[in-house]
Q: 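Pasting a structure below so you can have a look.
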Amino acid sequence: MKIAVLSRNRRLYSTRRIIEAAEERGHEVKVIDVLRCYMNIVSRKPSVHLEGEMLEDFDAIIPRIGASVTSYGTSVLRQFEMMGVYTLIESVALSRSRDKLRALQLLSRKGIGLPVTGFANKPGDSKDLVKMVGGAPVVVKLLEGTQGIGVVLAETSKAAESVIEAFMGLKADILVQEFIQEAGGSDIRCLVVGGKVVAAMRRQAPEGEFRSNLHRGGSASLVKITKEERATAVSAAKILGLSVAGVDLLRSDRGPLVMEVNSSPGLEGIESASGKDVAGIIIEHVEKNARPGNTKTRGKG
Ligand code: ADP
């Protein structure tokens, strides 16, 4: 197969592993920087171009689009879909997962376990907002944050209100969320590929920190997940329309709660914690599913 990996940096671990796994299986791989692509949106003959050449004949697209290029990256991805090219992550699913609120709304509609979450835009009702999610302690999150940046634990209602007002003053959209204390600073990352959890790891925050992000000094270890956790992760990926997803769960007294669903999950932590060849599993999924026009979310929002 001829595979295009949409990534801005071929040296990143996950991109490298995907290229390696594809080449090992005899596929031809081209790494494409989406920001350098330009598109021709012409009736019935949509095309994508790069450095004077038309990008055609790809059997599959593997998007690894960073959060900072979501908007343009999604448009390029959509253009490939319009051309009938199979893409591992569909544009609609990518945009759903990148918008935390939208993702939580879709998951809540289907009854997936979630931390109680409030969303707000304008100041003036921060006290009631904190009350609405059950009162302090609460976690306040920037809607557009990643890697734990913009995730704050407010231990008292007063602190929560100040943080909310500060974020709102910056005109940032925020989530206010029940703090799941019993998770003990750890979360579970389930890697879902093609409707199955193929690897899982537990991330533990360092002493004195509640955020378990590996970028914030968290440590990863192998974990055995429960049936319920497995089912929750698989459903969450399915609801968002993602054939590959990193589903983050918090272990709470009322069962697994989905915190976030990531559509470009990093492979380094999960491959080393689980010892699994996740990149290989992803390529095998592509081999089985890459057919022109095999797009599940077509026309959906
Ligand atoms: P990001 O997308 O920036 O990584 P997350 O929402 O995943 O932000 O939060 C970062 C970390 O903070 C999580 O991995 C988890 O360990 C912790 N955390 C986030 N929300 C909660 C919560 N409601 N209760 C307890 N811990 C939380």
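All ligand and atom numbering here is 1-based and tracks the order in the structure. What you are looking at is a predicted structure, and each value in this text was computed from that prediction instead of being measured.
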Q: Before signing off on this row, confirm whether Lys141 and ligand 1 have an N or O atom pair separated by under 3.5 Å.
A: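 Yes; the residue has a nitrogen or oxygen that sits under 3.5 Å from a nitrogen or oxygen of the ligand.
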Q: Any pair with a residue in residues 223-234 that passes salt bridge (charged side-chain N to carboxylate O under 4.0 Å, His left out), sequence neighbours left out, goes on the list, sorted by first then second residue, please.
A: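 Of all non-adjacent pairs touching residues 223-234, those that pass salt bridge (charged side-chain N to carboxylate O under 4.0 Å, His left out) are Glu229-Arg251.
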Q: Check this for me: does any side-chain nitrogen of one of Arg202 and Asp187 sit under 4.0 Å from a carboxylate oxygen of the other?
A: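 Salt bridge absent between Arg202 and Asp187.
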Q: Does only the side chain of Ile180 get under 4.0 Å from ligand 1, or the backbone, or both, or neither? Count heavy atoms.
A: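 For Ile180, backbone and side-chain atoms both sit under 4.0 Å from ligand 1.
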Q: Using a strict cut-off of 4.0 Å, indicate which atoms of ligand 1 neighbour a heavy atom of Lys100.
A: 1 (P), 2 (O), 3 (O), 6 (O), 8 (O)
Q: Out of Val139, Asp187, Leu214, indicate the one that has the non-hydrogen atom closest to atom 14 (O) of ligand 1.
A: Asp187
Q: Which of the atoms in ligand 1, numbered in the order shown and given with their element, are less than 4.0 Å from a heavy-atom of Leu250?
A: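 Within the 4.0 Å cut-off of Leu250, ligand 1 contributes 21 (C), 22 (C), 24 (N), 25 (C).
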Q: Does ligand 1 have a heavy atom under 4.0 Å from the side chain of Arg211, from its backbone, from both, or from neither?
A: both
Q: Can you list the atoms of ligand 1 that are under 4.0 Å from a heavy atom of Gln177?
A: 20 (N), 23 (N)
Q: Are Arg17 and Asp277 ion-paired here, with the side-chain N under 4.0 Å from a carboxylate O?
A: yes
Q: Using a strict threshold of under 4.0 Å (side-chain N to carboxylate O), is an ion pair present between Lys276 and Glu271?
A: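 Judged by the 4.0 Å cut-off on N to carboxylate O distance, Glu271 and Lys276 do not form a salt bridge.
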Q: Given Glu284 and Arg25, is the salt bridge (Lys or Arg N to Asp or Glu O under 4.0 Å) satisfied, shown in steps?
A: CA-CA 9 Å; Glu284 280 158 19; Arg25 286 163 179 79; 3.0 Å; yes
Q: Which option, Asn213, Val140, Val176, Leu249, owns the non-hydrogen atom nearest atom 11 (C) of ligand 1?
A: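 The option holding the nearest heavy atom is Asn213.
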Q: Starting at CZ of Arg10, measure out to OG1 of Thr15 and round the result to the nearest 0.5 Å.
A: 9.5 Å
Q: Can an N or O of Asp248 be found at a distance shorter than 3.5 Å from an N or O of ligand 1?
A: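 Asp248 vs ligand 1: no N/O contact under 3.5 Å.
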Q: Specify side chain, backbone, both or neither for Gln181, according to which of its non-hydrogen atoms lie closer than 4.0 Å to ligand 1.
A: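 For Gln181, no heavy atom sits under 4.0 Å from ligand 1.
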Q: Minimum heavy-atom separation for Gln181 to Pro137, with atom names?
A: OE1-CG, 4.2 Å
